[in-house]
Structures are given as structure tokens and as C-alpha cells.
Amino acid sequence: MKEKLELLKLLADETRLDILNILLKEDSYVEKISCELSLTPATICYHLKKLESSGIVNCSRSQFYIIYSLNRDIFDKPLYELIQKDDPIIDKEEKYKKEVISHFFKYGKLVQLPTQRKKREIILREIALKFEKDREYGEKEVNEIIHIFHEDHCTIRREMIAFGILTREKETYRLI
């Protein structure tokens, strides 16, 4: 939310909006913008540096000039994305998942299967990302995929079925 607030603060300046309007038409450089706005190059540099640091404006070198261009990706987003508050509950949950994954996976391998149910499900769902949805797998294929992460593919396969991540019908497995 802080980044969004900073962006809105940057846009709440008349000079910066004038600069952005010039850059909307074409890429430009400091001296040209300062002539168009009748401001000193130092003032234009000050505002362009602020816009550049926030990612609104990009710059590149072309011979003797630094050319500034508008980062159109920011302006292609709908306004509601800019003003919408981030959901702290989702952020906390994602952070927790990442912590669990980093704790139990080392160098892409599962160190151990967690005993706590919630953590175990997170780990099993992480392994399930290697499976394709709407595809049937034989037991050997399932074991090979699980074996990438851990040697005990039998336990992990059984747990994935118990958690409802995989289904087993006859001799085929499918991701739910």
C-alpha cells in the first residue's frame, strides 16, 4: 500500500503531470522538456529522477542525451488496482506458506515430511505443482515425479490421496 501511496503522491504535482503529458506524446530529453515547459533543466531533472525512481518513467542513453520514456505498463492497469488496499490476510497466508516451504525444502529436495497437518498439506500441494491437471498418470510416473523431491514416494503418494490432492482409480492417478 505504501508504494501505491507514493505513486499517487508523485502524480499529485502539476509539473510532473506536464512532464508525463509530454512523454505520452513521445520520448524526450531534459533540455527539450525544459524548453516546452519554460522551466530550468535542473527542475526537470529533479522531477524526472523522482518519476524514474518510482518506475513511472524509464531512461536510456542515446549518444549525448538521456532519453526518458513513459512506463506504459503502470498506466495500462485499471484505477481500482491502484487504489485497492492489499489484503493483509492473504499476504500473511502466502508468507506462512513460503516460510514452511523454505524450511522443509533444501536445494529442491524435501528434507522431511512435517508432522503438523497444515504444514504437511502445504508441502504436498507444493509437490503437486509438478503434476499436470487433467492428465492421467500411471503409478510409475507418479513415483518418478515424487522421487524428484523425496525418496519415500509411497508415503507421499498415500498422503496426497488422503489430502484429496490426487485420486486413484484402478491403476491411474489424477490431480484434483
(request) Please assess Ile146 against Phe131 for the test side chain to side chain contact (heavy atoms under 4.5 Å, CB included), listing each intermediate value before the final yes or no. (result) CA-CA 10 Å; Ile146 293 172; Phe131 291 89; 4.2 Å; yes

Does a sphere of radius 6.0 Å around [atom1] in [X] hold more than 12 heavy atoms from other residues, nucleotides or ligands, not counting ones at 6.0 Å or beyond?
X: Lys140; atom1: NZ; answer: no
X: Tyr96; atom1: OH; answer: yes
X: Glu139; atom1: CD; answer: yes
X: Lys109; atom1: NZ; answer: yes

(message) Can a donor-acceptor pair be found, under 3.5 Å and without considering hydrogens, that links the side chain of Ser62 to the backbone of Tyr65?
(response)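 Absent.
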
(message) So does Ile67 get a backbone contact from the side chain of Asp27, meaning a donor-acceptor N/O pair under 3.5 Å?
(response) no

How long is the gap from [atom1] on [X] to [atom2] on [Y], to the nearest 0.5 Å?
X: Arg157; Y: Leu166; atom1: CZ; atom2: CG; result: 9.5 Å
X: Tyr29; Y: Ser60; atom1: OH; atom2: OG; result: 14.0 Å
X: Leu70; Y: Ile19; atom1: CG; atom2: CD1; result: 11.5 Å
X: Glu99; Y: Ile122; atom1: CD; atom2: CD1; result: 10.0 Å
X: Leu37; Y: His47; atom1: CG; atom2: NE2; result: 9.5 Å
X: Ile22; Y: Leu17; atom1: CD1; atom2: CG; result: 11.5 Å

Testing the basics here: between [X] and [Y], what is the closest heavy-atom pair and its distance to 0.1 Å?
X: Glu159; Y: Leu124; result: CB-CD1, 3.6 Å
X: Leu113; Y: Ile123; result: CD1-CG2, 4.3 Å
X: Tyr68; Y: Val30; result: CE1-CG2, 3.8 Å
X: Phe104; Y: Gln112; result: CD2-O, 3.3 Å
X: Glu136; Y: Glu141; result: O-OE1, 4.2 Å
X: Arg168; Y: Lys170; result: NE-O, 3.5 Å

Same cluster or not: [X] versus [Y], using hydrophobic residues (I, L, V, M, F, W, Y) connected whenever any side-chain heavy atoms lie under 4.5 Å apart?
X: Ile148; Y: Tyr137; result: yes
X: Ile44; Y: Ile66; result: yes
X: Leu129; Y: Phe149; result: no

Under 4.5 Å between any side-chain heavy atoms of [X] and [Y], yes or no?
X: Leu23; Y: Ser28; answer: yes
X: Ile33; Y: Leu39; answer: no
X: Leu175; Y: Ile165; answer: yes
X: Tyr46; Y: Arg16; answer: yes
X: Leu11; Y: Ile56; answer: yes

Carboxylate-amine/guanidinium proximity below 4.0 Å for [X] and [Y]:
X: Glu121; Y: Arg125; value: yes
X: Lys25; Y: Glu36; value: no
X: Lys97; Y: Glu126; value: no

(message) side chain to side chain contact (heavy atoms under 4.5 Å, CB included), that's the test. Do Arg120 and Val100 meet it? Break it down for me.
(response) CA-CA 9 Å; Arg120 185 177 286 218; Val100 168; over 6 Å; no

